[in-house]
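Report on the following structure.
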2 protein chains.
Amino acid sequence: MYEFMNITRALSDENRIRALMALRKRELCVCQIIEFLGLAPSTVSKHMSILRQARLIEGRKEGVWMHYSLSSSRRPEVRKAINWVIASLENDEKIIKDEKLLSKIMKCNLEDLCRRKKNKRG
Amino acid sequence: MYEFMNITRALSDENRIRALMALRKRELCVCQIIEFLGLAPSTVSKHMSILRQARLIEGRKEGVWMHYSLSSSRRPEVRKAINWVIASLENDEKIIKDEKLLSKIMKCNLEDLCRRKKNKRG
DNA sequence: TTCATAAATTCATACATAGGCATATCTCCT
DNA sequence: AGGAGATATGCCTATGTATGAATTTATGAA
């Protein structure tokens, strides 16, 4: 029950759902998620830690970069939750739009993306 | 997406989840749910209206009494959500305990139950 | 090794939202 | 009209979201 409530609370925020759906097809660097959601780095970091605590995503550190991906855990709770979210939103308008935005973001290389933040996206 | 977020927010509270699971096997009167959750009537009413807005449950008025039951809607969003919750919690300890509590509550007749509230459960 | 820099997270704080209750209001029955 | 159950309103507290600043971690240069 505790584990389940951790999951439902993690899923109760739209930005976290969008991030989760973004990760369903690919691994993403935090700076890509920041660009994607348009939120402050600290905010995104918090969202990721909530998703991670719920075991819905996993983090992998590569040098200074942190990469997140959907959880590969076999826990039934986690699998069911992820499957439910994906099945419910696979054809959602906003999620489809997000996919297009993500395609653009994926074309930039990571260094440019991170540098752009500093220059206020100039 | 909006509909989906309504559902996840409705599911992000433990009392609402317990109420939802209680309704999975039977219809319940509000006063039974009040007894079950041990919350103030106004609080329970609010929880029920949130679940109802998310279309997860339905209300049926019979005289002065309000009866709630799981939604019979065929909307895929709703069916998937309900199925997910039930599948995830069917064997949950707390939910099983709740079932025992509910058995007791079901044995009282409704009038006694409602009257008990007034007398501060004396 | 030491220092500087960059990315990510944690911390401190402001603001908004949500849960809880008491009380007022509404609806329905007699 | 009177009385009962249920819901709406108003208030308080707690939790959640968002941000900038400080801290941590890792890289690369001196």
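Convention: sequence-line order gives letters A, B, ...; per-chain numbering from 1.
Contacts of Ser88(B) classified as side-chain hydrogen bond (donor to acceptor under 3.5 Å, both in side chains), with partners at least two apart in sequence or in another chain: Trp84(B). Remark: Ser103(B) pairs with no residue by the side-chain hydrogen bond (donor to acceptor under 3.5 Å, both in side chains) rule, at least two apart or across chains. Scored by the salt bridge (charged side-chain N to carboxylate O under 4.0 Å, His left out) test, Arg52(A) finds no partners at all (sequence neighbours excluded). Remark: Ala87(B) engages Lys80(A) in a side chain to side chain contact (heavy atoms under 4.5 Å, CB included) (not counting sequence neighbours).
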Would you sort out whether Val78(B) and Ser71(B) count as a side-chain contact (heavy atoms from CB on, under 4.5 Å), showing the intermediate values?
CA-CA 8 Å; Val78(B) 170; Ser71(B) 167; 3.8 Å; yes
Passes side-chain contact (heavy atoms from CB on, under 4.5 Å), Leu89(B) versus Phe4(A)? Steps please.
CA-CA 8 Å; Leu89(B) 291 176; Phe4(A) 181 77; 3.6 Å; yes
I'd like a list of close polar pairs between nucleotides 25-30 of chain C and the protein, N/O only, cut-off under 3.5 Å.
none

Show each protein N/O and nucleotides 9-13 of chain C N/O combination with a separation under 3.5 Å, one pair to a line.
residue: dT9(C); atom: OP1; partner: Tyr68(A); partner atom: OH; Å: 2.4
residue: dT9(C); atom: OP2; partner: Ser45(A); partner atom: OG; Å: 3.0
residue: dT9(C); atom: O5'; partner: Ser45(A); partner atom: OG; Å: 3.0

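Closest approach to the Cys31(A) side chain among dT17(D), dC21(C), dA8(C) is made by dA8(C) (side chain taken as heavy atoms from C-beta onward).
Here the P atom of nucleotide dT7(D) and the CD1 atom of Ile50(B) are 13 Å apart, to the nearest Å. With rounding to whole Å, Gln53(B) atom CD is found 13 Å from dT7(D) atom P. Summarising the geometry, the separation between CD1 on Ile34(B) and C1' on dA4(D) is reported as 13 Å, rounded to the nearest angstrom. Between the CG atom of Leu39(B) and the P atom of dA22(C) there is a distance of 11 Å, rounded to whole Å. As rounded to whole Å, 8 Å separates atom P of dA6(D) from atom CH2 of Trp65(B).
Between Met66(A) and Cys29(A), every side-chain heavy-atom pair lies at or beyond the 4.5 Å cut-off. Between Leu39(A) and Ile34(A) there is no side-chain heavy-atom pair separated by less than 4.5 Å. Two residues are said to be in side-chain contact when any heavy atoms from C-beta on lie closer than 4.5 Å; Tyr68(B) and Leu28(B) fail this criterion.
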For residues 9-27 of chain B, which side-chain donor-acceptor pairs fall under 3.5 Å, sequence neighbours excluded?
residue: Ser12(B); atom: OG; partner: Arg9(B); partner atom: O; Å: 2.8
residue: Asp13(B); atom: OD2; partner: Asn15(B); partner atom: N; Å: 2.9
residue: Asp13(B); atom: OD2; partner: Arg16(B); partner atom: N; Å: 3.2
residue: Glu14(B); atom: OE2; partner: Lys94(B); partner atom: NZ; Å: 2.8
residue: Arg16(B); atom: NE; partner: Ala10(B); partner atom: O; Å: 2.8
residue: Arg16(B); atom: NH1; partner: His47(B); partner atom: ND1; Å: 3.1
residue: Arg16(B); atom: NH2; partner: Arg9(B); partner atom: O; Å: 3.2
residue: Arg18(B); atom: NE; partner: Asp98(B); partner atom: OD2; Å: 2.8
residue: Arg18(B); atom: NH2; partner: Asp98(B); partner atom: OD1; Å: 3.0
residue: Arg24(B); atom: NE; partner: Met21(B); partner atom: O; Å: 3.0
residue: Arg24(B); atom: NH1; partner: Glu90(B); partner atom: OE2; Å: 3.0
residue: Arg24(B); atom: NH2; partner: Glu99(B); partner atom: OE2; Å: 3.1
residue: Arg26(B); atom: NH1; partner: Ala22(B); partner atom: O; Å: 2.7
residue: Arg26(B); atom: NH2; partner: Glu99(B); partner atom: OE1; Å: 2.6
residue: Glu27(B); atom: OE1; partner: Arg60(B); partner atom: NH2; Å: 2.7
residue: Glu27(B); atom: OE2; partner: Arg60(B); partner atom: NE; Å: 3.0
residue: Glu27(B); atom: OE2; partner: Arg60(B); partner atom: NH2; Å: 3.4

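At least one side-chain nitrogen or oxygen of His47(B) sits closer than 4.0 Å to the OP1 or OP2 atom of dG20(C).
Shown for residues 3-17 of chain A: no residue has heavy atoms falling under 4.0 angstrom of DNA chain C.
Taking the charged nitrogens against the carboxylate oxygens, Arg75(B) and Glu3(B) do have a contact shorter than 4.0 Å, which makes a salt bridge.
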